[in-house]
J.: 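Here's a structure for you.
In what follows, chains are A, B, ... by sequence order, proteins preceding strands, each numbered from 1. Atom set for the values below is all heavy atoms of this structure, side chains included, hydrogens, waters and symmetry mates excluded.
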Protein chains: 2
Amino acid sequence: MTVTQTQVQTGTDTDTDAGGEAGELPADLCATADVPHPRPDGRDRYTISEVASITGLSAHTLRWYERIGLMPHIDRSHTGQRRFTNRDLDWLAFVGKLRLTGMPVADMVRYAELVRAGDHTFEERQELLRATREDVRRRIDELRGTLAVLDCKIEFYADARRASERF
Amino acid sequence: MTVTQTQVQTGTDTDTDAGGEAGELPADLCATADVPHPRPDGRDRYTISEVASITGLSAHTLRWYERIGLMPHIDRSHTGQRRFTNRDLDWLAFVGKLRLTGMPVADMVRYAELVRAGDHTFEERQELLRATREDVRRRIDELRGTLAVLDCKIEFYADARRASERF
DNA sequence: CGCTTGCCTGGAGCGCACTCGAACTCCGTA
DNA sequence: TACGGAGTTCGAGTGCGCTCCAGGCAAGCG
């Protein structure tokens, strides 16, 4: 995959307003490529309900994400309907990962703003991700501790029940 | 540690209403013994603000926990003030662990109800903990996946910045 | 032509986990 | 006896992350 698109989508869909920025070539590309992408890069214009069913988010939530500035400017069809691209899908997948970490939405918006601001924010973005990374490390450790406690309690109940069966 | 108390607190504190249940000998004892306990088992009657500073929860939250049934019936002094015991501290530590897992408070209340209901709920309690355990396993895996993505992005920014410095 | 379907917007509402405020009691000290 | 400090209850308020609703538009179909 690797998202090396620049080949703007050629209106395969009654839609033709394209209007994307010119810069933004390398972007991030980490390819989270768990899943290839429902449509190839030339024909990637998804309706909101398609994206909803792909991502598991509701259409409401997708619109809300856009309103609060968590999405990178979504294309519209000539009738004003949203048309999401593969790139938007990648972004949403990443946002999903961040959501799993418990990062507040405001912080994700901050990151999105940095992305929109251009390449000169690389350092700040990296710093933000690094802090998040440390957070995640800590949370994993906490969860491991919790797992130990749970195992211990489960073991306790197993013993108690074995004991009560014996007599 | 191991909480093998039965030696009820002998009013070391102008307080004397004790009034604990009779049963409940083994309890759970997993001892989460990260920290010994601020006071030994005979003299463990903490005020709400002491517990607040020990646990990091606010006094408001502690009262709220009691209201919603998340605490196992807290003693009162003769003037009606709460007196928490080491056992309450242990319970709060456990609740803290559960909170880290993202378990909804309602589910913790459910568990607390089972504990209050007596030993015949061992099976159900064990089942609940087992389900939680699986949850935690999944969350750890998710976080590991997120960590990988973060590392990848951080690496991307590192490369990008190195590249831009080179030219 | 009317009907359905899918999307649009702005704004209100909801559930959760607290968090705070008001009004009160009790206790120790000056 | 007055006062400050810590505790009490009940109920209302807050912030977050959605979630839903009303009212409207555009396209497709019988």
J.: I'd like to know if Glu50(A) and Arg39(A) make a salt bridge, using a cut-off of under 4.0 Å between side-chain N and carboxylate O.
T.: yes
J.: I want to confirm an ordering. Mapping Gln81(B) and Val105(B) to their closest nucleotides on DNA chain C, which one lands closer to the 5' end?
T.: Val105(B)
J.: Phosphate oxygens OP1/OP2 of dT9(C): is one of them under 4.0 Å from a side-chain N or O of Arg76(A)?
T.: yes
J.: Could you state the CH2-P distance from Trp64(A) to dC8(C), rounded to the nearest angstrom?
T.: 17 Å
J.: Rounded to whole angstroms, how far apart are CE on Met103(A) and P on dC18(D)?
T.: 14 Å
J.: What's the closest nucleotide to the side chain of Thr79(B) if the choices are dA17(C), dC26(C), dC18(D)?
T.: dC26(C)
J.: For Arg82(B), which contact category applies under a 4.0 Å heavy-atom criterion: base, sugar-phosphate, or nothing?
T.: sugar-phosphate
J.: Let's see if you can work this out: which of dC27(C), dT8(D), dC7(C) has an atom nearest to the side-chain heavy atoms of Ser49(A)?
T.: dC7(C)
J.: So what is the 5' to 3' dot-bracket string for DNA chain C, if pairs are Watson-Crick or G-U wobble with both distances under 3.5 Å, crossing pairs use [ ] and | means the partner sits on another strand?
T.: ||||||||||||||||||||||||||||||
J.: State which of dG7(D), dA17(C), dT19(D) makes the closest approach to the side chain of Pro104(B).
T.: dA17(C)
J.: Can you measure Leu70(A) atom CG to dC16(D) atom C1' for me and round it to whole angstrom units?
T.: 14 Å
J.: Quick check against the 3.5 Å criterion: does Asp44(B) have a side-chain atom that pairs as donor or acceptor with the backbone of Thr85(B)?
T.: no
J.: Please check if Leu100(A) and Val109(A) belong to a single hydrophobic cluster, counting links between Ile, Leu, Val, Met, Phe, Trp and Tyr side chain heavy atoms closer than 4.5 Å.
T.: no
J.: Can you tell me which nucleotide in dC8(C), dT19(C), dA27(D) comes closest to the side chain of Arg67(B)?
T.: dT19(C)
J.: Which whole-number value in Å describes the distance from Leu62(B) CG to dC18(C) P?
T.: 11 Å
J.: What integer distance in Å separates Ile68(A):CD1 from dG11(C):P?
T.: 17 Å
J.: Distance check: side-chain N/O of Tyr65(B) vs OP1/OP2 of dC18(C), anything under 4.0 Å?
T.: yes
J.: dC18(C), dG21(C), dC21(D): which one has an atom nearest the side-chain heavy atoms of Arg99(B)?
T.: dC18(C)
J.: So, OP1 or OP2 of dC7(C): does either fall under 4.0 Å of a side-chain N or O from Thr47(A)?
T.: yes
J.: Kindly determine whether Arg139(A) and Asp135(A) satisfy salt bridge (Lys or Arg N to Asp or Glu O under 4.0 Å), including the steps that lead there.
T.: CA-CA 6 Å; Arg139(A) 293 179 62 77; Asp135(A) 248 48; over 6 Å; no
J.: Relative to the 5' end of DNA chain C, which residue comes earlier, His60(B) or Ala106(B), by the nucleotide with the nearest heavy atom?
T.: Ala106(B)
J.: Strictly below 4.0 Å, N to O, side chains only: are Arg130(A) and Glu127(A) in salt-bridge contact?
T.: yes
J.: Expressed as a whole number of angstroms, how long is the span from Tyr46(B):OH to dA6(D):C1'?
T.: 19 Å
J.: Ile48(A) has a side chain; which of dC8(C), dG7(D), dG21(C) sits nearest to it?
T.: dC8(C)
J.: So for atom CD, which belongs to Glu123(B), do other residues, nucleotides or ligands contribute more than 12 heavy atoms lying within a distance under 6.0 Å?
T.: no
J.: Can a salt bridge be assigned to the pair Asp141(A) and Arg138(A) using a cut-off of 4.0 Å between side-chain N and carboxylate O?
T.: no
J.: Should the ring pair Trp91(A) and Tyr111(A) be called parallel, tilted or perpendicular, given that the plane angle runs from 0 to 90° and is split at 30 and 60?
T.: parallel
J.: Between Leu57(B) (CG) and dC18(C) (P), how many Å, whole number?
T.: 8 Å
J.: With respect to the phosphate group of dC27(C), does any side-chain polar atom (N or O) of His78(B) fall under 4.0 Å of OP1 or OP2?
T.: yes
J.: Could you tell me the separation between the CG atom of Asp75(A) and the P atom of dC7(C), rounded to a whole number of Å?
T.: 16 Å
